[in-house]
Amino acid sequence: MTTPAVRLGLLWGAATHQGARRTLNEDSYLARGSVFFVADGMGGHDAGEVASSAAVEALAPLGSSEVVGVQEVRCRVRAAHDAVRAIETAPGRGAGTTLSGVALTDQGGEPYWLVVNVGDSRTYRSADGVLEQVSVDHSEVQELVDAGRITAEQALTHPRRHVVTRALGAPDDPEPDFWFLPVRAGDRMLVCSDGLTAELPDRRVAEVLMLEPDPQSAAERLVGEALAAGGRDNITVLVVDATGLTDALELTAPRDGRADHDDEDTVPRRSPWKGALT
């Protein structure tokens, strides 16, 4: 049976905050067209903000297409790595950034999510009331969990929980992880920096995503709850919904966003894509 072609829509919301204990927001995000990425910069005030911004800038051309090619994404991630490597820093202080996110691509004419990850920012999918972490953290504590040396619960408070094993800008070329997921009507994708997941357990994140049908409201609420829970780090959240109702959606001019230094930055956007929806 042939799947009828319908108009698939992407409705999204974004929120970011420097946190309760930081004076600078080193997170950046890209939400444009059909690409949604979060970058969490590392290297201190002289490098982290610049690194995440450079990565997002290198990825920005992907936002000009309704559907992106896999090889194009790979090339742009490589360009982002090279851009971060080129940042001049103080001796002994290299710049780096995590990168996690999702782009809309296709396989055989069918829409697919292409999930990309380097580091410990995360991408989740919420479908049929179940929240699933798609990306796998590139971190020391994740390696300890995988080896059975600590539990997932112990990882949340482990003193090495913030040490990543892969990052854009690292001396060794990172190996990004890629996943293909078929798009289903009702999918909700969540992309976030670890400032969210360090404060809220996955079960609470899942509850908020269920309670807030509007993606902008969901993003804002998640950031607000992470702040209330301590807000020890920068917090950035993107929530992306797949719908089959794009005839009713307005196409706006999305923009990429670097995290604002002082105030919360919230930007709702809508993007259409025409293809087959299963």
Side-chain angles (χ1 to χ4, degrees), residues 13-29 36-45 47-49 51-52 55 96-102 115-126 131-146 149-168 177 189-209 211-212 218-239 259-261 264-266:
T16 188
H17 200 283
Q18 76 268 17
R21 303 185 184 182
R22 300 290 184 93
T23 58
L24 183 71
N25 195 339
E26 296 180 53
D27 288 355
S28 298
Y29 69 85
F36 306 90
F37 287 101
V38 168
D40 181 355
M42 299 170 288
H45 285 200
E49 179 193 19
S52 66
T97 184
T98 69
L99 179 72
S100 195
V102 62
V115 176
V116 183
N117 190 70
V118 180
D120 64 352
S121 294
R122 292 181 179 177
T123 299
Y124 293 79
R125 176 165 69 173
S126 178
L131 181 67
E132 174 190 11
Q133 182 180 336
V134 180
S135 61
V136 177
D137 294 352
H138 298 142
S139 65
E140 286 194 3
V141 294
Q142 185 62 50
E143 291 181 353
L144 293 173
V145 170
D146 293 342
R149 296 175 59 184
I150 64 173
T151 66
E153 290 71 23
Q154 290 171 327
L156 296 174
T157 56
H158 194 279
R160 303 281 289 177
R161 63 188 180 276
H162 297 302
V163 180
V164 299
T165 55
R166 298 186 207 177
L168 298 183
D177 290 336
M189 305 300 292
L190 167 69
V191 187
C192 61
S193 60
D194 66 344
L196 174 71
T197 53
E199 303 294 356
L200 299 183
D202 283 3
R203 64 178 180 276
R204 181 55 189 166
V205 173
E207 290 171 353
V208 172
L209 292 176
L211 290 169
E212 297 289 351
E220 292 176 5
R221 182 164 178 175
L222 287 170
V223 169
E225 291 201 9
L227 282 169
R232 291 166 289 181
D233 200 352
N234 309 146
I235 310 158
T236 301
V237 174
L238 303 179
V239 178
D260 188 87
H261 290 196
E264 185 174 0
D265 182 14
T266 57

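Values below: all heavy atoms of this structure, side chains included; hydrogens, waters and symmetry mates excluded. Note that the numbering runs from 1 along the sequence shown for the chain.
- The distance from atom CZ of R232 to atom CG of D194, rounded to the nearest 0.5 Å, is 10.5 Å.
- Residues satisfying the side chain to side chain contact (heavy atoms under 4.5 Å, CB included) test with S135, not counting sequence neighbours, are S100, N117, R122, T123, Q133, W179.
- Contact of the M42 side chain with the E26 side chain is not registered, since no non-hydrogen atoms from C-beta on lie closer than 4.5 Å.
- Atoms CG and CG, on L196 and L190 in that order, are 6.5 Å from each other to the nearest 0.5 Å.
- A distance of 12.0 Å separates CZ of F37 from OG of S121, quoted to the nearest 0.5 Å.
- In this structure, L222 and L209 have side chains that are in contact, with non-hydrogen atoms separated by less than 4.5 Å.
- Listed here is the closest heavy atom pair of V239 and A218: CG2-CB, 4.3 Å.
- With sequence neighbours excluded, the residues that form a salt bridge (Lys or Arg N to Asp or Glu O under 4.0 Å) with D177 are R166.
- With sequence neighbours left out, the salt bridge (Lys or Arg N to Asp or Glu O under 4.0 Å) criterion links R221 to E212, E225.
- For E199 (side chain) and L227 (main-chain N/O), no donor-acceptor pair under 3.5 Å exists by modelled atom type.
- Residues forming a side chain to side chain donor-acceptor pair (under 3.5 Å) with E132 (at least two apart in sequence, or on another chain): none.
- Annotation: side chain to side chain donor-acceptor pair (under 3.5 Å) contacts of N234 (sequence neighbours excluded): none.
- Checked against side chain to side chain donor-acceptor pair (under 3.5 Å), S193 has the following partners two or more places apart in sequence or in another chain: D27.
- The heavy-atom pair separating G195 from I235 by the smallest distance is O-CG1, 3.7 Å.
- Applying the salt bridge (Lys or Arg N to Asp or Glu O under 4.0 Å) test to pairs two or more places apart or on separate chains, those with a residue in residues 13-24 are R22-D233.
- Partners of A228 under the side chain to side chain contact (heavy atoms under 4.5 Å, CB included) rule, at least two apart in sequence or in another chain, do not exist in this structure.
- In this structure, T236 contributes its side chain and C192 its backbone to no donor-acceptor pair below 3.5 Å.
- Between Y29 and L238, some side-chain heavy-atom pair lies under the 4.5 Å cut-off.
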